[in-house]
Amino acid sequence: MTETIRGKAAIVGIGETAYYKRGGAEDAEFKLGLMAMQKAADDAGIDIREIDGFFSYSMDRNEGIRFATALGIEDLKVSSMVWGGGGGGGSAAIMNAAAAVATGLCDYAVAYRALSQGEFGRFGGPVAAGGVEGPDALAMPYGVMSPAQMFAMKTHRYMYEHGVEQSALRAISLACYYHAQRNPRAVMYGRPLDEETYDNSRWIVEPFHLYDCCQENDGSAAAIITSAERARDLKQKPAYILGAAQGSGYRQSASAHNAPDYATSNFKVTAKRLYEMAEVKPDEVDVVQMYENFTGGVMMSIVEHGLVPAERVNEEFTLENFRFDTGDLPLNTSGGNLAECYMHGFELITEATRQVRGTSTSQVEGAEISLVASGPMVEPTSNLILGAEV
């Protein structure tokens with residue numbers, strides 16, 4: 001790649017509200033977004049009114065123009081939303097913000113996600129309907145109505161094809177809960193998980209136990225992005241954006257479950273472009289934040305990013321290997337969607353930033369390269385590599 005955003009922009013401020021179990025937030029969703037942005041601006045050491053670009057994803061209800069009005073922004077220069085449901089746009093929102101500041105479209109961009117399921121209803125829950133048409137007509141009448149049902153079939157197929165055992169999915173859950181016990185922000189802080197509890201938990205839809213599924217939460221998170229030149233003079237150590245990618249494989253949006261490559265997390269094309277832009281190899285990644293809608297997606301994402309070969313999943317997917325303090329592949333070191341908060345994966349981006357800064361509650365020693373993967377098994381997906389240096 002000859003012309004990229006590599007090293008031209010950096011995350012310089014991060015902010016999060018308290019995270020709540022669905023229905024627990026005392027404030028409206030829009031206010032939660034404002035609160036997270038203010039914390040991110042404070043973290044960066046800038047006046048919040050310097051923000052002139054707004055970027056979100058997954059049909060966020062809170063438009064950038066509304067935030068700009070509430071904040072008294074005098075010159076809103078750019079505002080955009082990543083198409084697509086689920087969390088596949090999380091890293092893409094950072095990518096778009098980085099592209100905007102790198103090309104001079106704006107000076108200080110904020111990427112964000114605000115979510116209040118208590119205020120607006122469950123995200124991704126089945127919806128009653130008098131009739132359905134299109135691809136849904138080939139699935140919903142037969143009981144395939146929820147994300148868990150849709151993605152369980154892909155995961156089952158992958159596990160069958162590669163001989164993956166349930167213990168691999170369990171290790172992902174255990175690692176997320178292990179790290180959440182060190183993170184006071186986590187909704188599951190103080191609620192550890194062990195193998196017996198996981199094994200005895202109820203099935204949601206095979207192969208997913210209760211603890212294989214993401215939470216339902218309220219809250220907001222935000223990140224401030226600016227040019228690498230400005231970043232050097234700000235309050236925090238910059239987390240440089242080395243690479244970012246967004247996209248989808250061939251016919252992955254064939255939602256009637258007839259994509260030619262069925263058992264995939266849909267990162268095969270984006271992982272290749274990500275590493276090329278970042279000029280990083282898989283074995284150079286120090287810590288990984290993988291979006292968990294369900295643990296099956298994490299498993300496939302790790303393989304498709306070249307971090308573990310498919311034939312080695314059963315051997316290398318262990319709690320010890322995923323722990324920040326003992327593992328070769330530290331995973332979801334804040335607890336992730338499973339145990340910190342389901343902020344549509346944006347909390348993975350804030351944690352990736354902390355790892356590069358050296359301020360995580362489960363800090364990987366010497367971490368300089370942090371990888372984020374957003375939204376497996378949806379379309380499009382996106383991913384991101386942050387670095388301590390360019």
Side-chain angles (χ1 to χ4, degrees), residues 11 14-25 32-33 35-36 39-40 43 58 86-87 90-91 94 111-118 123-124 169 171-193 197-198 210-223 239 287-295 297-298 301 319 322-325 327 329-357 359-364 367 370-376 384 386:
I11 296 176
I14 53 176
E16 298 160 293
T17 66
Y19 292 140
Y20 306 89
K21 183 177 179 180
R22 174 175 59 89
L32 292 170
M35 293 164 64
K39 289 185 177 183
D43 186 55
S58 192
S91 293
I94 300 291
Y112 63 92
R113 186 72 173 104
L115 188 62
S116 179
Q117 299 189 70
F123 190 95
L169 304 188
I172 296 167
S173 296
L174 293 176
C176 292
Y177 273 80
Y178 174 82
H179 291 132
Q181 305 318 304
R182 300 176 57 87
N183 176 11
R185 300 182 308 274
V187 174
M188 292 300 176
Y189 180 69
R191 299 176 63 181
L193 178 67
T197 302
Y198 172 94
L210 172 66
Y211 295 103
D212 292 302
C213 305
C214 66
Q215 300 181 76
E216 296 183 0
N217 298 115
D218 298 347
S220 183
V287 58
V288 176
Q289 314 297 333
M290 288 283 183
Y291 189 105
E292 331 96 283
N293 40 15
F294 307 97
T295 54
V298 180
S301 300
L319 172 59
F322 289 151
R323 279 173 45 167
F324 83 99
D325 49 353
L329 188 64
L331 176 70
N332 293 2
T333 47
S334 65
N337 289 339
L338 294 185
E340 182 181 25
C341 172
Y342 179 70
M343 198 36 54
H344 242 148
F346 207 94
E347 81 288 343
L348 301 173
I349 295 167
T350 55
E351 174 62 12
T353 303
R354 289 189 184 94
Q355 285 289 346
V356 168
R357 288 180 176 181
T359 60
S360 171
T361 53
S362 293
Q363 182 62 44
V364 175
S370 190
L371 184 150
V372 181
S374 300
L384 173 71
L386 300 179

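Here the OG1-CE distance, from Thr350 to Met343, works out to 10.0 Å after rounding to the nearest 0.5 Å. The line from CG of Leu174 to CG of Leu319 is 5.5 Å long, rounded to the nearest 0.5 Å. Summarising the geometry, atom SG belonging to Cys341 is positioned 13.5 Å from atom NZ belonging to Lys21; distances are rounded to the nearest 0.5 Å. Summarising the geometry, atom CD1 belonging to Ile94 is positioned 4.5 Å from atom CD1 belonging to Ile349; distances are rounded to the nearest 0.5 Å. With rounding to the nearest 0.5 angstrom, the OG atom of Ser58 is 5.0 Å from the CZ atom of Arg113. The CG atom of Leu386 sits 8.5 Å away from atom OG of Ser91, with the distance rounded to the nearest 0.5 Å.
Within the 4.5 Å cutoff, side-chain heavy atoms of Phe322 are placed close to those of Ile172. By the 4.5 Å heavy-atom criterion applied to side chains, Tyr20 and Val187 are not counted as neighbours. Asn293 places a side-chain heavy atom less than 4.5 Å from the side chain of Pro376. Contact check for Glu16 versus Met35: no side-chain heavy atoms found under the 4.5 Å cut-off. Put simply, the side chain of Gln355 reaches to within 4.5 Å of the side chain of Ser360, judged on heavy atoms. The shortest distance between side-chain heavy atoms of Tyr291 and Val298 does not fall below 4.5 Å. Side-chain contact between Asn183 and Met188: absent, with no pair of heavy atoms (C-beta onward) separated by less than 4.5 Å. For the pair Leu338 and Asp212, the minimum side-chain heavy-atom distance is 4.5 Å or more.
At least one donor-acceptor pair closer than 3.5 Å links the side chain of His179 to the backbone N or O of Phe324. Distance alone, capped at 3.5 Å, is enough to place a donor-acceptor pair between the Ser301 side chain and the Gly297 backbone. With hydrogens and angles ignored, the 3.5 Å screen pairs a side-chain donor or acceptor of Gln181 with a backbone N or O of Gly190.
Thr333 and Ser362 form no side-chain donor-acceptor contact under 3.5 Å, judged by distance and modelled atom types alone. At a cut-off of 3.5 Å, with distance as the only test, no side-chain donor of Asn217 or Gln117 sits close to an acceptor on the other residue.
Here the shortest heavy-atom pairing between Tyr19 and Ser220 reads CE2-O, 3.8 Å. Smallest separation of non-hydrogen atoms from Arg357 and Asp43: NH2-OD2, 2.7 Å. Pairing each heavy atom of Glu292 with each of Gly335, the nearest pair is OE2-O, 3.7 Å. Across every non-hydrogen atom of Val372 and Ala352, the tightest pair is CG2-CB, 3.4 Å. Residue Ala222 comes nearest to Ala40 through the heavy atom pair O-CB, 4.0 Å, listed as atom of the first residue, atom of the second, then distance. Taking all atoms of both residues into account, the shortest heavy-atom contact from Leu32 to Ala25 is CD1-CB, 4.1 Å.
When the ring-ring contact (aromatic ring centres under 6.0 Å, His included) test is applied to Tyr342, the partners found at least two apart in sequence or on another chain are His344. Scanning for salt bridge (Lys or Arg N to Asp or Glu O under 4.0 Å) contacts around Arg182 gives an empty result, with sequence neighbours left out. With sequence neighbours excluded, the residues forming a ring-ring contact (aromatic ring centres under 6.0 Å, His included) with Tyr177 are Tyr211, listed by chain and number.
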Go through the steps to decide whether Leu169 and Tyr198 satisfy the test side-chain contact (heavy atoms from CB on, under 4.5 Å), and finish with yes or no.
CA-CA 10 Å; Leu169 304 188; Tyr198 172 94; 3.9 Å; yes
Quick one, Arg185 with Glu340, criterion salt bridge (charged side-chain N to carboxylate O under 4.0 Å, His left out). Give me CA distance, side-chain angles, the key distance, then yes/no.
CA-CA 7 Å; Arg185 300 182 308 274; Glu340 182 181 25; 3.3 Å; yes
Just do the side chain to side chain donor-acceptor pair (under 3.5 Å) check on Ser370 and Gln289 with the steps written out, would you?
CA-CA 8 Å; Ser370 190; Gln289 314 297 333; 4.6 Å; no
Asn332 and Tyr178: CA distance, side-chain angles, deciding distance, side chain to side chain donor-acceptor pair (under 3.5 Å) verdict
CA-CA 10 Å; Asn332 293 2; Tyr178 174 82; over 6 Å; no
What do the steps show when you test Ser173 against Leu193 for side-chain contact (heavy atoms from CB on, under 4.5 Å), and what is the final call?
CA-CA 8 Å; Ser173 296; Leu193 178 67; 4.0 Å; yes
